[in-house]
Amino acid sequence: MSKKPVRVAVTGAAGQIGYALLFRIASGEMLGKDQPVILQLLEIPDEKAQKALKGVMMELDDCAFPLLAGMEAHGDPMTAFKDADYALLVGSRPRGPGMERAELLAVNGAIFTAQGKALNAVASRNVKVLVVGNPANTNAYIAMKSAPDLPRKNFTAMLRLDHNRAASQIAAKTGKAVADIEKLVVWGNHSPTMYADYRFATIKGDSVAKMINDQEWNANTFLPTVGKRGAAIIEARGLSSAASAANAAIDHMRDWALGTNGKWVTMGIPSDGQYGIPKDTMFGFPVTCENGEYKLVEGLEIDAFSQERINKTLEELQGEQAGVAHLI
Ligand SMILES: NC(=O)c1ccc[n+]([C@@H]2O[C@H](COP(=O)([O-])OP(=O)(O)OC[C@H]3O[C@@H](n4cnc5c(N)ncnc54)[C@H](O)[C@@H]3O)[C@@H](O)[C@H]2O)c1
Ligand SMILES: O=C(O)C[C@H](O)C(=O)O
């Protein structure tokens with residue numbers, strides 16, 4: 001007996017990340033090789049964008065994906081999000097060279113007010129929402145606050161690209177396999193203030209911190225490399241990350257839906273006050289996932305260096321949050 005299709009809404013479906021994302025969702029990489037999907041694709045109600053969306057849908061058709069049970073093109077979130085079980089909110093403007101992500105709030109923030117309201121009105125009550133559009137943490141906060149009838153825990157921000165980047169840097173430094181890295185976390189904001197923390201990380205049971213044993217490398221190479229990787233990619237590509245971002249979105253949603261078997265991953269989630277992070281702050285935390293729910297890893301020791309880094313990224317997030325009060 002095959003599973004009933006689930007409805008997956010993706011915004012910005014004709015953009016860079018959308019193009020790197022949709023085919024992997026339709027192939028089963030996000031929700032499993034036994035889970036049929038109906039794609040509900042949202043683009044701006046502009047002739048050129050809708051035409052580009054139709055082109056993407058033609059290519060999806062031409063892949064003859066067995067799991068693609070249906071596809072819809074939309075220009076209005078109120079129809080795009082109807083009965084959505086999953087919503088990947090990518091649609092928004094990317095930054096260019098020399099910009100900080102927070103500068104995008106002026107053009108992107110209001111998108112997430114409207115889309116949060118639409119999710120609140122028409123999506124499944126159990127909808128899992130991932131905000132990718134930058135600045136992701138604050139846009140996820142806006143969407144969550146615009147959807148008062150949906151559980152707060154349904155709304156998340158993408159810190160998984162940062163998590164994957166940190167793991168890749170640690171693998172390179174230690175010469176070990178990236179798949180063997182456990183108990184890694186990236187705290188805070190998807191911005192250069194993020195705090196990639198390998199103090200608890202292990203590789204086949206051995207401490208990563210002890211393997212590396214180099215606080216200077218940690219503070220002056222590892223942290224800035226991970227924190228500024230987005231800008232480095234824009235500098236190199238001339239465009240912001242897309243395939244690696246799509247990959248992170250797949251990882252985030254797959255783990256949330258199908259579980260992590262006890263492995264820690266990083267998700268941007270609304271704080272309930274743990275680690276001194278004020279309630280509702282959309283913050284990168286370590287979580288494990290099981291039965292479609294994430295669970296915060298609590299009780300981790302926060303030393304003076306870590307507290308200083310966490311305070312810095314929290315202060316930045318609180319500033320962004322204060323700056324969008326008019327959008328909620
Ligand atoms: N959180 C992360 O780790 C991460 C990683 C990479 C990119 N991003 C962000 O993701 C966003 C998208 O990046 P991209 O490279 O795909 O950009 P892009 O410009 O290639 O595509 C964005 C698409 O969104 C559409 N769009 C704009 N406003 C929309 C709206 N209100 N509703 C629906 N669609 C809308 C545009 O028409 C466009 O097709 C940017 O904000 C970028 O900064 C975040
Ligand atoms: O850096 C950007 O603007 C894109 C994205 O957030 C990234 O981290 O690659």
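Because only heavy atoms are used, hydrogens play no part in the values below, and waters and symmetry mates are left out as well, while side chains stay in. One-based numbering, in listed order, for ligands and for the atoms of each.
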> Measure centre to centre between the rings of Trp256 and Tyr86, then say whether the value is under 6.0 Å.
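Here the rings of Tyr86 and Trp256 have centres that are no less than 6.0 Å from each other.
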> Ion pair present between Lys153 and Glu293, side-chain N to carboxylate O less than 4.0 angstrom?
yes
> Side-chain donor-acceptor pairs under 3.5 Å in residues 94-107, sequence neighbours left out?
unit_1	atom_1	unit_2	atom_2	d
Arg95	NH1	Met99	O	2.8
Arg101	NE	His190	NE2	3.2
Arg101	NH1	His190	O	3.3
Glu103	OE2	Glu100	N	2.7

> Taking only distance into account, with no hydrogens and no angle test, what donor-acceptor pairs under 3.5 Å do side-chain atoms of residues 218-237 form with protein atoms, sequence neighbours excluded?
unit_1	atom_1	unit_2	atom_2	d
Asn218	ND2	Gln215	OE1	3.1
Asn220	ND2	Glu216	OE2	3.0
Thr225	OG1	Thr221	O	2.6
Arg237	NH1	Gln16	OE1	3.0
Arg237	NH1	Ser240	O	2.8
Arg237	NH2	Gln16	OE1	3.3

> Where does the angle between the aromatic ring planes of Trp217 and Tyr198 fall among parallel (under 30°), tilted (30 to 60°) and perpendicular (over 60°)?
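Answer is tilted, since the angle falls between 30° and 60°.
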> Indicate yes or no for a side-chain donor-acceptor contact from Thr174 to the backbone of Ile170 under 3.5 Å, with no hydrogens or angles considered.
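Yes.
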> Looking at Lys51 and Asp46, is there a salt bridge between them, counting it only when a charged N and a carboxylate O are closer than 4.0 Å?
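Not counted as a salt bridge, because no side-chain N and carboxylate O are separated by less than 4.0 Å.
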> For each nitrogen or oxygen atom of ligand 2, which protein N/O atoms lie closer than 3.5 Å, and how far apart are they, rounded to 0.1 Å?
unit_1	atom_1	unit_2	atom_2	d
ligand 2	1 (O)	Arg95	NE	3.2
ligand 2	1 (O)	Arg95	NH2	2.8
ligand 2	1 (O)	Arg101	NE	3.4
ligand 2	1 (O)	Arg101	NH2	3.1
ligand 2	3 (O)	Arg95	NE	2.6
ligand 2	6 (O)	Arg101	NE	2.8
ligand 2	6 (O)	Asn134	ND2	2.8
ligand 2	6 (O)	His190	NE2	2.6
ligand 2	8 (O)	Arg101	NH2	2.8
ligand 2	8 (O)	Arg165	NH1	2.9
ligand 2	8 (O)	His190	NE2	3.2
ligand 2	9 (O)	Arg165	NH2	2.8
ligand 2	9 (O)	Ser241	OG	2.7

> Do Tyr294 and Thr288 have a side chain donor and acceptor closer than 3.5 Å?
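Not at all, the side chains of Tyr294 and Thr288 share no donor-acceptor pair under 3.5 Å.
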> Can you work out which protein residues put a heavy atom within less than 4.0 Å of ligand 1?
Gly12, Ala14, Gly15, Gln16, Ile17, Leu42, Glu43, Ile44, Val90, Gly91, Ser92, Arg93, Pro94, Asn108, Ile111, Gln115, Val132, Gly133, Asn134, Ala136, Met158, Leu161, His190, Ser240, Ser241, Ala245
> Any salt bridge between Arg7 and Glu72, counting N to O under 4.0 Å?
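Counted as a salt bridge, because a side-chain N and a carboxylate O are separated by less than 4.0 Å.
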